[in-house]
**Q** 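Can you keep this structure in mind? I'll have questions shortly.
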Amino acid sequence: MTTPNLNRRTLLCGAAGLALGAHGPAGAAEAPGTPAAGAAGSAAGANAVDWDALARHYDVATEFVNLENAYLGVMARPVLEAYRHNIDVLNRGSSHYLRTRFDSVERDAIRARLAAHTGVAPGELALTRNACESLQNLIGNYRLLRPGDVLMMGDLDYDVVQDAMAATARRGGHQLVTVQTPEPATRQGVIDAYEQALRQHPRTRLLLLTHVNNRTGLVTPVAEIVRMAKGRGVDVVVDIAQSWGQLDYAIPDLGADFVGGNLHKWIGAPPCSGFLAIRASRLQDIAPHAGNTLYPDGDVRARVHAGTMDVPAVMTIPAALDFHGRVKLADRAARLRQLRDRWVHQVRELPGVQVLTPEDPTTYGALTSFRIRDKTRYEDNVALARRLADDYGIFTVARKGPAGGACIRVTPSWFTRNEELDRLAAAIKALAA
C-alpha cells in the first residue's frame, strides 16, 4: 500500500507529550512487521517511560483486577472527556451539525488522519464500525474466485471471520481448508504449517491470516507468509484487530493488499471505530458492498455501507490517536511484553501449567493464554475463570479452539500493575497444585 509523506511513525512521535519519560523518534526496525526487532533497545526505551504516570490517566474498576483487556480497551481520561464532549456536540447540533460539518468536512479529515496513522494513503482507507465488518466486507466482496478455487484460513482465526470465509466458500461451491496451528507453537513451525498447506492445495486463491490471534495471543509471522502466498498467486486478507496499537509496525510492513482493523482495543478509541485498507491497485478486486452507489465505484468508501455510524466515536478518533501517540509505539509494545513476562515467567516451569505462547519475543505481545494440565474442556476453563474471579478477584476469560484444548486468556494493559500480575501468578500456582 502507498505510504503518504506524513507517515504513521512521524505522526505519532510528533504528538504532544505527557511527562512520561523519553519518547523521541523511533529507530528503524530490523525486520518489517517483526514485533521484537530491536527488542533490547525497545525494552530500554520502555524502562525510561513513567508507566505509573500513564496508568493514572485511566479510571479503572477497583473491585476486580481486569486482565481481559483484549475484548475492549479502556479509554484514557482525556479520550473519554473528548468522547463525552462529542456526544454533546452531536446531540445539540443534530442534523445541522452532520450536514454542515461532519459529513462535508470533518469525516474526511479524520479519515486522512487515520490513514497517515496506519501508513497508507487516504484513498486506500475507509472507516468502519469494527474489524469484523471490515473483514466480512473484504472477504464477502472479493471478486476473483473461480470454480475450483480454494479458500484457506487458520484454526485460531476469529470465529466470525471464519464464518465469513465459510459463507463465501459455500456460496461459490469452493473448498475451504483450515490450517492447524502447531502446539507447542514456534515462529518457524507456523510458517511451515502454512507452506505445507499451500503446497498441498495449489488452487488456493484467498487466504485469511490473523496477526495476533485472540485465543492464545500467538503472533503470526504475517509478512513472511504473505510473501510466500503471493509467490503462489494467493491473495491475503489480514485481521489486525488485536495487533493494531499493540505491536510496532505500519500496515505496509505486512505486505498485504487487504487489511481490516479497529481502534477500540489497543488504540483506546470508543467502541464502533474501525477501518479497512485496500491497496489502491487492488481496489477493483473488492466489489462495492451491497451495490453501494453512494460513492463512485473507484472510491474505497463504496466498499462499506454502515448506515448511520456512531458519529461521536468517529469524532473521538483523533483524540485517541493523540493520546496513544504520546508514548512511542516501540516502547508500548515492549512494555506489554514486560507485563506478559511478569506473570508467565513465574508459572511457565510449573509441572501443572501449560503456557501457549513460546518465549521467542517475536511471537507474543500482551496476550498469552495458559491451561492447567488435563483441564482441556471449555467447560473446565469457564469454571477456572470463575474461580479466578470469585476467589482471587481476577477477571480473565476462557477461550476454545487451540489444538490441545481450551485455555484461559490473560491480557494486561497500560494501567496494569506488577503486583496484580504477581497476584495472578500466585493464584495459578495455587490452582495448579
Side-chain angles (χ1 to χ4, degrees), residues 58 60-74 131-132 155-162 181 183-185 210 212-219 241-243 246 264-266 271 336-337 339-358 363-433:
Y58 292 87
V60 296
T62 57
E63 62 270 24
F64 62 91
V65 175
N66 183 7
L67 294 179
E68 214 308 72
N69 293 289
Y71 188 10
L72 178 65
V74 176
C132 286
D155 61 336
L156 299 183
D157 292 330
Y158 193 60
D159 291 324
V160 171
V161 188
Q162 288 193 37
T181 303
E183 191 178 311
T210 302
V212 175
N213 82 70
N214 83 98
R215 303 173 199 270
T216 71
L218 182 69
V219 177
Q242 288 292 353
S243 68
Q246 177 184 175
H264 64 254
K265 293 186 186 290
W266 296 101
L336 291 175
R337 287 194 296 273
L339 292 170
R340 175 267 186 196
D341 290 346
R342 179 80 183 198
W343 71 270
V344 166
H345 291 174
Q346 297 182 60
V347 304
R348 179 179 280 284
E349 301 304 321
L350 294 177
V353 176
Q354 294 174 316
V355 175
L356 301 187
T357 53
T363 62
Y364 66 85
L367 284 74
T368 288
S369 293
F370 74 94
R371 69 168 70 96
I372 304 296
R373 292 192 189 277
D374 301 324
K375 299 291 186 181
T376 57
R377 297 186 310 142
Y378 179 62
E379 294 78 10
D380 293 335
N381 285 273
V382 169
L384 180 58
R386 187 177 300 115
R387 283 199 64 187
L388 284 170
D390 293 346
D391 297 348
Y392 300 95
I394 299 170
F395 185 61
T396 59
V397 67
R399 296 284 84 180
K400 55 186 173 182
C407 53
I408 298 292
R409 184 177 76 188
V410 176
T411 316
S413 190
W414 319 114
F415 46 79
T416 304
R417 310 285 182 164
N418 285 339
E419 55 268 26
E420 295 173 330
L421 297 169
D422 294 342
R423 181 170 158 188
L424 170 69
I428 294 172
K429 291 176 183 178
L431 293 170

**Q** Donor-acceptor pair, distance only, cut-off 3.5 Å: does the side chain of R215 make one with the backbone of D157?
**A** yes
**Q** How many angstroms lie between atom OG1 of T368 and atom CH2 of W343, to the nearest 0.5 angstrom?
**A** 5.5 Å
**Q** For the backbone of V212 and the side chain of T210, can you confirm whether one donor and one acceptor N or O come within less than 3.5 Å of each other?
**A** no
**Q** Counting C-beta onward and ignoring hydrogens, is there a side-chain heavy-atom pair between R387 and L431 closer than 4.5 Å?
**A** yes
**Q** For D390, is there an ion pair with R386 - N to carboxylate O distance below 4.0 angstrom?
**A** no
**Q** Indicate yes or no for a side-chain donor-acceptor contact from N381 to the backbone of K375 under 3.5 Å, with no hydrogens or angles considered.
**A** yes
**Q** Distance from W266 atom CH2 to L367 atom CG, nearest 0.5 Å?
**A** 6.0 Å
**Q** Does atom OH (Y71) have a neighbourhood of more than 12 heavy atoms from anything else shown, all under 6.0 Å?
**A** no
**Q** If you compare all heavy atoms of T376 against all heavy atoms of D380, which two are closest, and at what distance to 0.1 Å?
**A** N-OD2, 3.9 Å
**Q** Over all heavy atoms of both residues, which pair between A131 and A241 is shortest? Give the atoms and the distance, please.
**A** CB-CB, 3.6 Å
**Q** In terms of side-chain geometry, is the basic nitrogen of E379 or K400 positioned less than 4.0 Å from the acidic oxygen of its partner?
**A** no
**Q** Is there side-chain contact between V353 and R348, with heavy atoms separated by less than 4.5 Å?
**A** no
**Q** Can you give the donor-acceptor pairs under 3.5 Å from side chains of residues 406-419 to other protein atoms, not counting sequence neighbours?
**A**
residue : atom : partner : partner atom : Å
R409    : NE   : E68     : OE1          : 3.4
R409    : NH1  : N214    : O            : 2.7
R409    : NH2  : E68     : OE1          : 2.6
R409    : NH2  : E68     : OE2          : 3.2
T416    : OG1  : S413    : N            : 2.8
T416    : OG1  : S413    : O            : 3.2
R417    : NH1  : D52     : OD1          : 2.7

**Q** Between I394 and L67, which heavy-atom pair has the shortest distance, and what is it?
**A** CG2-CD1, 3.7 Å
**Q** Atom OG1 of T396 and atom CD1 of I428: how far apart are they, to the nearest 0.5 Å?
**A** 8.5 Å
**Q** With side chains defined as the heavy atoms from C-beta onward, is the minimum distance between S243 and V219 less than 4.5 Å?
**A** no
**Q** In terms of heavy-atom contacts, does CG of D374 have more than 12 from other residues, nucleotides or ligands at under 6.0 Å?
**A** no
**Q** Does Q246 use its side chain to pair, donor to acceptor, with the backbone of A366 at less than 3.5 Å?
**A** yes
**Q** Find the distance between CG (L218) and OG1 (T363) and round it off to the nearest 0.5 Å.
**A** 6.0 Å
**Q** Hey, what do you get for CG (L384) to CZ (F370), rounding to the nearest 0.5 Å?
**A** 5.0 Å
**Q** So, is the end of the R340 side chain (NZ or CZ) under 6.0 Å from the ring centre of Y364 and within 45° of the ring's axis?
**A** yes
**Q** Just by distance, with hydrogens left out, do Q242 and N213 show a side-chain donor and acceptor under 3.5 Å apart?
**A** no
**Q** To the nearest 0.5 Å, how far apart are CD in Q354 and OG1 in T216?
**A** 12.5 Å
**Q** Taking the side chain from R342 and the backbone from D422, do they hold a donor-acceptor pair closer than 3.5 Å?
**A** no
**Q** With a 3.5 Å distance limit and no angle check, can you tell me whether R371 reaches the backbone of V355 through a side-chain donor-acceptor pair?
**A** no
